[in-house]
Amino acid sequence: VIAMPLQRMTISDTIDAIGTAQADESVTLTANTTERLAEILFTEGQKVAKDTVLARFDQQEELAMLEAARATLTENQRELRRLEQLLKQKAASQREVDERRTQLDLARQQIQEAEAKIADRTIVAPFDGVIGVRRVSVGAMVQPGDVLTTIDAMDRVKLDFPVPSKYLPQLKIGMPLEAATDIFPRETFKGTIDIINNRIDPDTRSILVRGVLSNPNHRLKPGMLMTVTLQNAAREAVMVPEEAITQRQNAHYIKILDDAKTVQEREIKIGARQRGLAEITEGAEEGVEVIVRGHESAQVGRQVNIQQRLTSVTDPLFTPDRPARSEP
C-alpha cells in the first residue's frame with residue numbers, strides 16, 4: 001500500500017462562482033446633434049485624460065454667433081459706462097441706463113447660448129480611460145445616437161457574480177477573492193468584494209456580488225468570463241486525500257495502520273473539501289497513518305507492506321505528471 005500520516009493544515013471554506021468582468025467606468029460616446037463631423041482628435045487604443053477633446057462637429061455658425069454676441073456685449077458695456085456718466089451730469093435719464101443694462105444682460109445670455117451650442121458639438125472624455133474602436137470618419141454627417149467610439153477606465157475591473165443566498169451571512173465588504181480565466185491559464189487575479197446587492201433574486205435565490213480587481217497592465221478586458229473563489233473562515237484542520245476515503249451509503253471510512261502495520265477501519269465525519277482533500281471533523285486525529293492507495297484490497301486485521309510512505313498532502317504523488325516520492 002501507499003500510506004501517509006494525517007496532517008493538520010490551514011484551510012478555509014470556499015465559495016465558487018462565475019462572473020463577467022466589466023470596466024471600472026465605461027461609456028459609449030454618441031452624437032447628440034445632427035451635424036457634419038469636422039475633427040477627430042484621438043487614435044484607437046489611446047489613453048486619454050478626463051476632459052480631453054476627442055472630436056468636434058462643424059461649429060462655424062455657432063462660433064460666428066459667439067463672436068457677434070461678444071461684440072454686442074463689448075458695445076453695451078461701453079455704452080452703459082457712457083450713460084452712467086451722463087446720468088451723473090443729469091444729461092441722460094435713468095430709463096436709458098436701465099434699458100442699456102437689459103441689453104447687456106441679453107448679450108451675456110446670447111454668449112452663454114452660443115457657448116452651450118459649441119459644447120454640444122464638442123466631444124470630451126468624461127474620465128481617464130482608453131479609447132476603443134472608431135466608428136465614424138471625418139466629414140460624415142451623423143445623427144443623434146450615432147456611435148463615435150467607446151471609452152473604458154481599465155486600471156481596475158469590476159467583476160459581477162451571483163452567490164447562493166445561503167452564503168449571505170459569510171459575505172462581507174472587503175472580503176478577499178481570487179479570480180481566474182481560461183485566457184490566462186495557471187494565473188490568479190486577487191481582489192476584494194466591493195458591493196453586495198441589497199436584493200435577492202426571487203427566481204434563482206442568489207444575490208449579486210461585485211468584486212474589484214487591480215488591472216494595471218489592462219490584461220483583463222470587459223466581457224471576460226472568470227471563475228471566482230471566495231475564501232472564508234480560515235482554520236486549522238486535519239486533512240486526508242479524498243482517494244483514501246470509502247463511502248458506504250451515507251457514511252465515510254478510511255483504513256489506518258497501527259504500529260504493527262495491521263489494517264483497521266474507522267468511520268469519519270467529513271467537513272470541507274479543498275483541492276482533492278477532505279477535512280476530518282471526527283474519527284481520526286493528526287499523526288494517524290492512513291492508507292492512501294491500495295485500501296480496496298487491504299483487509300481489516302491483516303498486515304500490509306508499505307510500498308511508499310508519503311510525507312505530506314503536497315507530495316508529488318498527487319500531481320499526475322510527476323513521479324511519486326518515497327521515504328526509506
Do you know the tightest heavy-atom contact between [X] and [Y]?
{"X": "Leu29", "Y": "Pro126", "result": "CD2-CD, 4.3 Å"}
{"X": "Thr149", "Y": "Val133", "result": "OG1-O, 3.0 Å"}
{"X": "Leu83", "Y": "Arg100", "result": "CD1-CB, 3.8 Å"}
{"X": "Glu289", "Y": "Arg309", "result": "OE2-NE, 2.7 Å"}

Do [Y] and [X] meet the salt-bridge criterion of a basic N to acidic O distance under 4.0 Å?
{"X": "Arg95", "Y": "Glu99", "value": "yes"}
{"X": "Glu113", "Y": "Lys117", "value": "yes"}
{"X": "Lys269", "Y": "Glu279", "value": "no"}

Worksheet entry | cation_pi(Arg219, Phe184) dist<6.0 Å, angle<=45 |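 Geometry flag: set, cation within 6.0 Å and 45°.
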Discussion item. Check for me whether Arg248 meets the cation-pi criterion with Tyr253, that is, NZ or CZ under 6.0 Å from the six-membered ring centre and within 45 degrees of the ring axis.
Written reply: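 The answer is yes; both the distance and angle limits are met.
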Discussion item. Taking side chain to side chain donor-acceptor pair (under 3.5 Å) as the cut-off, I'd like each qualifying pair that reaches into residues 204-213, sequence neighbours left out, listed once.
Written reply: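 For residues 204-213: Asp160-Arg210, Thr204-Ser206.
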Practice prompt. Sorted by first residue and then second, give each side chain to side chain donor-acceptor pair (under 3.5 Å) pair with at least one member in residues 126-148; sequence neighbours left out.
Written response: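 Of all non-adjacent pairs touching residues 126-148, those that pass side chain to side chain donor-acceptor pair (under 3.5 Å) are Thr34-Gln143.
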Item to complete: Could I get the full list of side-chain contact (heavy atoms from CB on, under 4.5 Å) partners for Arg108, not counting sequence neighbours?
Response: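 Checked Arg108 against side-chain contact (heavy atoms from CB on, under 4.5 Å); matches are Leu73, Gln77, Leu104, Asp105.
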